[in-house]
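Throughout, a chain's letter reflects where its sequence line sits, starting with A, and its residues are numbered from 1.
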Amino acid sequence: MDLKSLKEEISKRINTDDLQKINEIKTEYLGKKGSITELSKKMKELSNEEKKEFGKKLNELKKAANDMFENKRKEIEQALLNKKLASEKIDITLPSRKTVRGSKHPLSRVQEELEDLFVSLGYDVYEGPEIESDENCFQRLNLPSGHPARDSQDTFYLENEEDKYLLRTQTSTAQVHAMLENENKEPMRIVCPGKTYRRDDDATHSHQFMQFEGLVIGEDISLANLKATLELFSKKLLGEKTEIRFRPSYFPFTEPSVEVDVTCFKCHGKGCNLCKESGWIEVLGAGIVHPNVLRMNGYDPEKYTGFAFGPGLDRFAMFKYGITDIRYLYGNDIRFLKQFDRKDDINEIKS
Amino acid sequence: MKLSRKFVSEYIELPDIDIKSIAEDMTRVGNEYDSAEKLINATNLIIGEVIDCIPHPDSDHLNVCNVNVGSEILQIVCGAPNCRKGLKVIVALNGAKLPDGEIKKGKIRGIESNGMMCSKKELGIDNRFLTEEDINGICELGSDAIVGEDPIKYLGLDDEVIDFELTSNRGDLLSIIGMAYELGAIYDKKVKDIDLSFEENKESIKDSFNVKIETENCTKFLAKKALNVTIKESPDFIKNRLIASGIRPINNVVDISNYVMLETGQPLHFYDADRLGDTLIVRMAESKEKLTTLDNIERELTNNDIVIADKQQAIGLAGVMGGLSTEVENNTKNIIIESAIFNPTLIRKTSKKILRSEASNRFEKGIDPERTNMAILRSCHLLEKYANASIVGGILEYDKTDNKEKNINITVDKINKVLGINIQTKDIISIFERLGFKVIKEKDFLKVTVPTRRQDISIKEDLIEEVGRIYGMDKIPSIMPNVPNKPGHYNKTNRAIKNKMVSLGLNETLSYALIPKSEVHKYTLDNFESINVDKPMSEDRATLRYSLLYSMVEIYKYNKARNQKDISIFEMGKCFYKESNEYKEDLKLACLMTGDYYLGIHNDKVDFYIIKGILEELLDYLGYNGRYSLVVNNIPNELHPGISANIIFQGSEIGIIGKLHPNITKDEVYVFEINLTKLLTNRTSKMQFKEISKYPSIVKDVAFIVKKDITSASIEKTIKKAGGRLLNNIKMFDVYTGENVSSNEKSIAYSLTFSDANRTLSEEEVMKVFNNIISSVEKSGAKLRDK
């Protein structure tokens, strides 16, 4: 049998997908007593010249045969593996093993968002106590006893204190602490988030609510500075398209005082039921710090001016997340809380 | 303050500006409004005359009328008792819109009716301004009413009203004249003079009457006398303006006192002179003094109430309400007119307990002493004109007010700097002049003279606000403040705690700090003084919380009632107590868990070890690893005594953890609370890189059989002590009770890791330590479980 027909014979015989059989055939040809191995024994019967040529051809045959067996083996193994993988297929639509995800209260979220904004502008977050003296809550804010503006802040006084101690009605009281504590009476920028309390409990008021006071003291601080700051604030919370409007108003601790309106985020100024067809929504009071307030807390009103603003966070949280009733904010229904379990929209905020 | 357009037009011309625009323009200068609309909101009304009126064949009270409305004769079915032939009436035509609905053509008991004859009530006038006849019958117009014309105009009710919500500093706007000045500043128009003219008779009040002021809480008191008044109905214009302003007309004399108060902002009081002695005394009430006020209620007074008295007794509560005994009645002939100023704070206090009235509101906000004079003269003018009064000569006058026009100096630069704008001197002067302020331009500053009616203006900043208001606050530009660069700070630890709790799968709650008194000492064994609020809104909100757990458990109950069984919540908030007369606030963190913790298909029911894991994870994350322990010491009554512990941080208690006591709930509910104020006074070590060991570690497992009440912590302690330096991790991995372990024992298994940072340990030296550990644990009473 010549070498060429041996090769053809092998290629015909290995056309099987049985790995065992392949190995047997391989032994038949390349084993110790295999037919190709046997051929090499014929070598010694040949002349030197023949030997050389025959040897070369035999080696080629051996290699070719080996390759054929090896390729076939790989082919079969791959096919087996593929079959096994196919059998391992799972239902990827079954539920995942969840990790737990908690949620942060919408008021905390709004508070933190504003803290981050103001900290980035160089403000310090300053939290004052919730129990206050009448002096800090009112008198040092230019609201002497008997002042008619106290009416709008119906106060929780503490028992047996003859109107001396109270639950703070406004975070403006933190201003007083910050000013008094500033020993060198240097310029300052602070925001004071926190809980506040008033005797108000109806569909639109909660007796406990959150405010976020802001105060800047410096040289030549103006109403225009206040406007720019509040514009930034409103855009951050309510969207880039938000505009703000100042209306003159009255607060004892600021002069001039302004009410701040923002363009209605529901109708964007066209007029709807939310903004009572005006296109604007009143969101906070602000103004230039009254010289009496600066003076009473150790600052020289001839040298410094300042601005202050005091939004309620409850309303902002409601606006931002479309919460329809303030009672949700303090109801702690787990179905409400769990809705605030993800990052804020990526579109809205560049972060 | 309700502003009648007709009333204010007496003092300023406002043609061609619609009422909504006026309201908006006023808002722009700081005077917000609630509503701005017609006094009568009705359309398609016409004057008609009933030309015949016959009973409805199918009714015992309806009439079928033919009504001439000029252009046609309408058949209208009417049920009013006063409907009769010849009467001039208000007809609402088909399609008319009235406050209560639209008039439609229809049949009433089979007879066609085209329109409706209206009562004043049906025009939308509030009942309190109407008589019984006005409410029950159709409105009877005078015989001079012209058929086919506008009945609202005929009645003089063609007015418009803006209801303002004024700021508390603008007492001057609680008067028509004040409003006229404000509108004058907006529209640059002059305010007309008020007519104060009248004749005086030859008598002098000083001959027959006397005023004594015995308290400094009355700073001004004027009295005049008017004789022979005729009490009757007021002329229509007075009645209509009172109604538009929200005040009920009574009779001409009483109406004049209210009318003048509306015009000038100065409340007046009229006394029936014949029911009064010859002296009026202003003094503080005596404690428990009695007075029957106009509303026929006997009031007990305190020595903080100012009263007007005769020689015997109090006859009126100054500034708040008159007394019944000297009230002007239908047979009153002669009156004493009082125009005075009282201490605003005391008026406020008295009115708060008695009645907030139009008068007290004005006294509280402060009154321009010039108006005190203006008002008394104006009332004389009107009493003479509309009540045929003869005014007695002279006036009794007491005046301790120091009422001068204020001069304030201000620079243009200061105005521009504070507002952040740049307007010219001449424009600023023009604004002040529009406001009725006088301005003298000095070399470096403006000298501004403020009229006494603007009691709210006393300093530069007030003037700056005036400029800003009239210039337009909405025109102020946005300019970021120029401030030195410095980093801002916030409390990162508190934020990190919240974030950690959220990342552990807990939902943040926000509850009220005020809780019931009965709950404040629960969930704690601490001895502390709780803090109550004065006059709480309700029993539920009477005390400041000392622990957050009461609220957490309430939240749990609330949600359970709504079929929510898987609840994992936390809250961070201030808790309150009093200590050596000082108010203290501690920040606490509370956590409550019940039901399933994981949310997927591999849920775990919350047990003690899950919530303990939350607590430890938080404390370790904060850097307090190894510095705290759980010890069963004093467990509050609200927690399960066997499944709870005190959280001890370096020897002092910082909180509690455990299962709610079955007395609170039968459910498996776990809580913890820690005092962050206490905890966070402890610093943590700096986070530092530790070289990673290049040498392999050797792990050995061991299990012991111990008595059931032996704690894992005590075994670990023994292991650790015996293990020494080479033992660097102990992990408890199994607790077993059951087969092969007797019923009062448990098997507990640990995986111990040995290594050295500088070399490879040999098996022999590890075995030596390992055996040492085993024998130490055995010495403490444990048996080695067969390997």
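- Heavy atoms closer than 4.5 Å to chain A are found in the side chain of B:K578, but not in its backbone.
- With contacts defined as side-chain heavy-atom distances shorter than 4.5 Å, the pair B:L514/A:H207 qualifies.
- Contacts of B:T27 with chain A are made by both backbone and side-chain atoms, with heavy-atom separations under 4.5 Å.
- Residue B:I531 touches chain A through its side chain alone, counting heavy-atom pairs closer than 4.5 Å.
- Atom NE2 of residue B:H489 and atom CD1 of residue A:I190 lie 13.5 Å apart, to the nearest 0.5 angstrom.
- Note: B:M480 CE to A:T229 OG1 = 4.5 Å, rounded to the nearest 0.5 Å.
- Between A:K227 and B:I476 the shortest heavy-atom distance is NZ-O, 2.7 Å.
- Looking at B:Y490, both its backbone and its side chain come within 4.5 Å of chain A, counting heavy atoms on both sides.
- Surrounding CG of B:N482 are at most 12 heavy atoms belonging to other residues, nucleotides or ligands under 6.0 Å away.
- For the pair B:L504 and A:V100, the tightest heavy-atom approach, listed with the atom from each and the gap, is O-CG2, 4.1 Å.
- Between A:K104 and B:N499, some side-chain heavy-atom pair lies under the 4.5 Å cut-off.
- Looking at heavy atoms from C-beta onward, A:S222 lies out of side-chain contact with B:I479 at the 4.5 angstrom threshold.
- For A:P129, the parts lying under 4.5 angstrom from a heavy atom of chain B are both the backbone and the side chain.
- In this structure, the portion of B:P487 lying under 4.5 Å from any heavy atom of chain A is its backbone and not its side chain.
- Heavy atoms closer than 4.5 Å to chain B are found nowhere in A:Y126, neither backbone nor side chain.
- Without hydrogens or angle criteria, B:D534 side chain to A:L158 main chain gives no donor-acceptor distance under 3.5 Å.
- At least one donor-acceptor pair under 3.5 Å links the side chain of B:N559 to the backbone N or O of A:N332.
- If you measure heavy-atom distances from B:M572 to chain A, the contacts under 4.5 Å come from the backbone alone.
- Interface remark: B:P344 contributes no atoms to any contact with chain A (heavy atom separation under 4.5 Å).
- Residue contact with chain A, scored on non-hydrogen atoms closer than 4.5 Å, involves the backbone and the side chain of B:A513 alike.
- Only the side chain of B:R541 comes within contact range of chain A, with heavy atoms under 4.5 Å apart.
- Within the 4.5 angstrom heavy-atom criterion, no atom of B:L346 approaches chain A.
- The most heavy-atom pairs under 4.5 Å with chain A, out of B:I569, B:I421, B:L544, come from B:L544.
- In this structure, chain B has heavy atoms under 4.5 Å from both the backbone and the side chain of A:S257.
- For B:R562, the parts lying near chain A are the backbone and the side chain together; criterion is any non-hydrogen pair under 4.5 Å.
- For B:L166, no part lies under 4.5 angstrom from a heavy atom of chain A.
- Most heavy-atom pairs under 4.5 Å with chain A: of the set B:M537, B:K475, B:R28, this distinction falls to B:M537.
- The candidate with the highest count of non-hydrogen atom pairs below 4.5 Å against chain A, out of B:D462, B:N491, B:I464, B:T345, is B:D462.
- Heavy atoms of A:L230 lying under 4.5 Å from chain B are absent altogether.
- Between chain A and the options B:G30, B:P481, B:G420, heavy-atom pairs under 4.5 Å are most frequent for B:P481.
- The distance from the CD atom of A:E259 to the OG1 atom of B:T167 is 9.5 Å, given to the nearest 0.5 Å.
- Using a 4.0 Å cut-off between charged nitrogen and carboxylate oxygen, B:K417 and A:D220 count as a salt-bridge pair.
- Taking CZ from B:R469 and OG from A:S249, the interatomic distance works out to 11.0 Å, rounded to the nearest 0.5 Å.
- Between A:E130 and B:F576 the shortest side-chain heavy-atom distance falls below 4.5 Å.
- With rounding to the nearest 0.5 angstrom, the CD1 atom of A:I334 is 4.5 Å from the CG atom of B:N507.
- Annotation for B:D474 and A:R245: closest pair CB-CG, 4.2 Å, computed over non-hydrogen atoms.
- When the candidates A:S278, A:S120, A:P301, A:G122 are compared by the number of heavy-atom contacts under 4.5 Å with chain B, A:G122 comes out ahead.
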message = Go through it in stages, so that I can follow the logic: the residues are A:I131 and B:K574, the test is side chain to side chain contact (heavy atoms under 4.5 Å, CB included), and I'd like the CA-CA distance, side-chain angles, deciding distance and then a yes or no.
response = CA-CA 10 Å; A:I131 294 179; B:K574 294 264 186 75; over 6 Å; no
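- Salt-bridge formation is not detected for the pair B:D566/A:K338: no Lys NZ or Arg NE/NH1/NH2 atom is positioned less than 4.0 Å from an Asp or Glu carboxylate oxygen.
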inquiry  = Does A:T305 form a side chain to side chain contact (heavy atoms under 4.5 Å, CB included) with B:K414? I'd like the steps, not just the answer.
reply    = CA-CA 11 Å; A:T305 45; B:K414 174 83 179 170; 4.2 Å; yes
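- For A:E255 (side chain) and B:K460 (main-chain N/O), no donor-acceptor pair under 3.5 Å exists by modelled atom type.
- Only the backbone of B:S503 comes within less than 4.5 Å of a heavy atom in chain A; its side chain stays farther off.
- If you take NZ on B:K535 and OH on A:Y157, they are separated by 10.0 Å, rounding to the nearest 0.5 Å.
- Here the closest heavy-atom approach between residue A:E282 and residue B:E32 is recorded as OE1-OE1, 3.2 Å.
- Taking the six-membered ring where tryptophan is involved, the planes of A:Y330 and B:Y512 are essentially parallel, since the angle between them stays under 30° and well short of 60°.
- Here the side chain of A:E112 pairs no donor or acceptor atom with the backbone of B:R495 at under 3.5 angstrom.
- Considering only heavy atoms from C-beta on, B:K486 comes within 4.5 Å of A:R189 through its side chain.
- Interface residue A:L329: only backbone heavy atoms are found under 4.5 Å from chain B.
- Closest heavy-atom contact between B:E465 and A:P256: OE2-CA, 3.1 Å.
- Only the side chain of A:Y165 has a heavy atom closer than 4.5 Å to any heavy atom of chain B.
- When each of B:N31, B:I555, B:I567, B:D456 is scored by its heavy-atom pairs under 4.5 Å with chain A, the top score falls to B:I555.
- The two atoms that bring B:G573 and A:K195 nearest to each other are CA-NZ, 4.1 Å, heavy atoms only.
- Annotation: maximal heavy-atom pairing with chain A below 4.5 Å, among B:S511, B:G472, B:G488, occurs at B:G488.
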